[in-house]
Amino acid sequence: MNDRNPLVHHITNSVTINDCANVTLAIGGSPVMATNIEEVADMVQLADALVINFGTTDESMYASMIRAGQAANKKGIPVIFDPVGVGATPFRTRRAIDLLNKVNVSIVRGNVTEVYALIGGKATTRGVDAGELTISKVELALKASQQLQAITVISGEHDVISDGAETVQISNGDIWLTRITGTGCMTASLIACFAGITEDWYSAAIAGMSVMSLAGERAKKALNDNDGIGTYRIKLMDEISLMNEQKWAEGVRFL
Amino acid sequence: MNDRNPLVHHITNSVTINDCANVTLAIGGSPVMATNIEEVADMVQLADALVINFGTTDESMYASMIRAGQAANKKGIPVIFDPVGVGATPFRTRRAIDLLNKVNVSIVRGNVTEVYALIGGKATTRGVDAGELTISKVELALKASQQLQAITVISGEHDVISDGAETVQISNGDIWLTRITGTGCMTASLIACFAGITEDWYSAAIAGMSVMSLAGERAKKALNDNDGIGTYRIKLMDEISLMNEQKWAEGVRFL
Amino acid sequence: MNDRNPLVHHITNSVTINDCANVTLAIGGSPVMATNIEEVADMVQLADALVINFGTTDESMYASMIRAGQAANKKGIPVIFDPVGVGATPFRTRRAIDLLNKVNVSIVRGNVTEVYALIGGKATTRGVDAGELTISKVELALKASQQLQAITVISGEHDVISDGAETVQISNGDIWLTRITGTGCMTASLIACFAGITEDWYSAAIAGMSVMSLAGERAKKALNDNDGIGTYRIKLMDEISLMNEQKWAEGVRFL
């Protein structure tokens, strides 16, 4: 991807903003993180993709998200929406629905709970109980994609990606991807990098998600006995920055 | 702790927010970092503990701290207060006192200067001079705990923890813990994780503080000749994520 | 530098704020990151240098930058300005010029595009095209320094530093310094640490810039075959924290 160098504008949370910038660079993109409403529409004019992430959103940042999202729609670049924590509080769910009404989101990336909440499902304190979710993850991805009119990526033990017509599952990954913060946010950045250089956003979503899951798996295997999650984070970034077509083709597993 | 998985809500600074999220995961908790006043009270309803950190506080974040703190008091979950930089400017000291008037803090964690300023002591530019502090650290912890009606943790070469009646000192640690940012903030997160799963908040404070000091000591020993503070940060997170009861029991040293 | 321990106040962006704090500690300084307008002038009274960084600036943070900058001018401590992204949007360029009218900046550190935009040059989407820049980098540094009445540092393949009369070039560095976020911001912090302990701000600018470029070069050489940008970031911080006069004297290359 290095020769294409997509510029990815992020309006994102303060927890993982550094990780998102670095992962964008790792895969060969250029990150921009401007949030001031006075300039986000101009910044979108320079960008190849826009990431909107709901992690820690205050009022002025939310206004910037809407402004940037509408500018991205007008320009025709992909908008990747990461509904972090949606379902956890009524406020967050309401706000996500408000955003979906004002901005045409191209790709949604979340976990089961977030995507379920986004289409009107009732989430519980710690997420959706297995028993409560009456449909499979594949059905959820398909339904969400149709309802939201957006390619839908559900990260998890098996990742599911749907464009509303078909569905793909990826079985790469490692449980340690859930033991560090930011892997979800970084996946959205990776997807945005791929979506910024193609019109086939479905393939871009699959590419971004699979690079993260494969890199997470490879990073775990690269650990030594006394390595913990600190080293895992570093190796994960290493693996993403060293990913190439051959490694990907040899390592990725679709179900 | 992994089987208990306490949810720890943080309202904290942008400098070390990523470290706090990762350390919470490292010890087996789940971090939440929402700051919007519209949702912090709802988020507290899901949480097992609340961390309030004064690193970089703007007006809207401060309002969220008060709202979240009062919701935590009502719910009965522990509130851990990290008075970062209190004593450095009059504004910061006034604000800390204002917060203590509005929120019942369960555990305070700071360095000598911060705790001294919190109980009305006069701090100097670079902290409290040894000569100026007319009481010992043990006496300070005891006095602060009584005056603030909160368990008090003073991090330093020797850590002191007091519940207002008794006092414990920990002699683990390493000077390099002061050569990276965020070790204090992360200690507050660790304490919150332990306090979120027990009603014995004094023991939780001792547990969180001692895990950080012991991990800091172990991380230093794990370094190679050409390793600097970059590698030290990573090894510190590794050690915390790999800590267990046996290592702790063998390594911790109380005075 | 450890025995001098300059206190460096930063008002900076949320992307690289943690890196800036850690690099300040790595070189032997003490970082402060307070942004609330109620306290920034008081904080400057404690500081030896001030860094103003334009990465992600909202309105209240910008007001704090002006207040802190004017307090620093009054006190006589150096103000290091990092015009991140200036030239990318009209808003950012206008704001930079507004700041330069209100605060006497001692040292400016940017890339070619940012410095060019700062003195009225027209930047393009992805920076200044080689063909468009009608003057050499050396001439640009010289001209910018004269026009801005500030020591000017232009980071790049060759770094150029000018005080308006003479110019120095540094040929250390590595392309991977551009493959991680924050190396520019961290360079400003390093310069500030050196400027905080001397009145010779030109030498401080050369010192800070050369430490980053030399450390970046050394970190690359320290990598193993399977190391990517994750490990590179860590080794870079290691190298900065382990830098000393001997390594610097043996390694630095002026053109």
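Protein chains get the first letters and strands the later ones, always in sequence-line order, with residue 1 at the start of each.
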Applying a strict 4.5 Å limit to non-hydrogen atoms, the region of C:Asn18 in contact with chain A is neither

Looking only at heavy atoms and a cut-off of under 4.5 Å, which of A:Glu39, A:Met43, A:Met33, A:Met237 has the most pairs with chain C?
A:Glu39

Show the atom names and distances, to 0.1 Å, of all donor-acceptor pairs under 3.5 Å that link a side chain in residues 180-194 of chain A to residues at least two apart or in another chain.
{"unit_1": "A:Thr183", "atom_1": "OG1", "unit_2": "A:Leu177", "atom_2": "O", "d": "2.8"}
{"unit_1": "A:Thr187", "atom_1": "OG1", "unit_2": "A:Thr183", "atom_2": "O", "d": "2.7"}
{"unit_1": "A:Ser189", "atom_1": "OG", "unit_2": "A:His10", "atom_2": "NE2", "d": "2.8"}

By side-chain contact (heavy atoms from CB on, under 4.5 Å) - contacts of A:Asn172 (at least two apart):
A:Ile170, A:Ser213, A:Leu214, A:Glu217, A:Val252, A:Arg253

Name the region of C:Ile229, side chain, backbone, both or neither, that has any atom closer than 4.5 Å to a heavy atom of chain A.
both

Should C:Arg92 and A:Glu38 count as side-chain neighbours, where that means a heavy-atom distance under 4.5 Å?
no

So how far is it from C:Thr231 OG1 to A:Leu242 CG, rounded to the nearest 0.5 Å?
8.5 Å

Check whether A:Asn36 reaches the backbone of C:Thr57 with its side chain - one donor and one acceptor, N or O, closer than 3.5 Å.
yes

Minimal non-hydrogen separation, C:Arg179 against A:Leu25, with atom names:
O-CB, 3.4 Å

side-chain contact (heavy atoms from CB on, under 4.5 Å) between A:Asp238 and C:Asn226, worked out
CA-CA 8 Å; A:Asp238 279 357; C:Asn226 293 317; over 6 Å; no

May I ask you to name which of C:Asp227, C:Thr178, C:Asp58 has the most heavy-atom pairs under 4.5 Å with chain A?
C:Asp227

If I take atom CZ from residue A:Arg233 and atom CD1 from residue C:Ile234, how far apart are they, to the nearest 0.5 angstrom?
8.0 Å

Partners meeting side-chain contact (heavy atoms from CB on, under 4.5 Å) with C:Ala219 (sequence neighbours left out):
C:Tyr232, C:Lys235, C:Leu236, C:Glu239

Might you point out which heavy atoms bring A:Ser241 and C:Gly228 nearest each other, and give the distance in Å?
OG-CA, 3.4 Å

CD of A:Glu157: more than 12 outside heavy atoms within 6.0 angstrom?
no

Contact listing (chain C partner; residues 59-79 of chain A; heavy atom under 4.5 Å)
none

Under a 4.5 Å cutoff for heavy-atom pairs, which residue among A:Thr16, A:Asp42, A:Val23, A:Thr24 has the most contacts with chain C?
A:Asp42

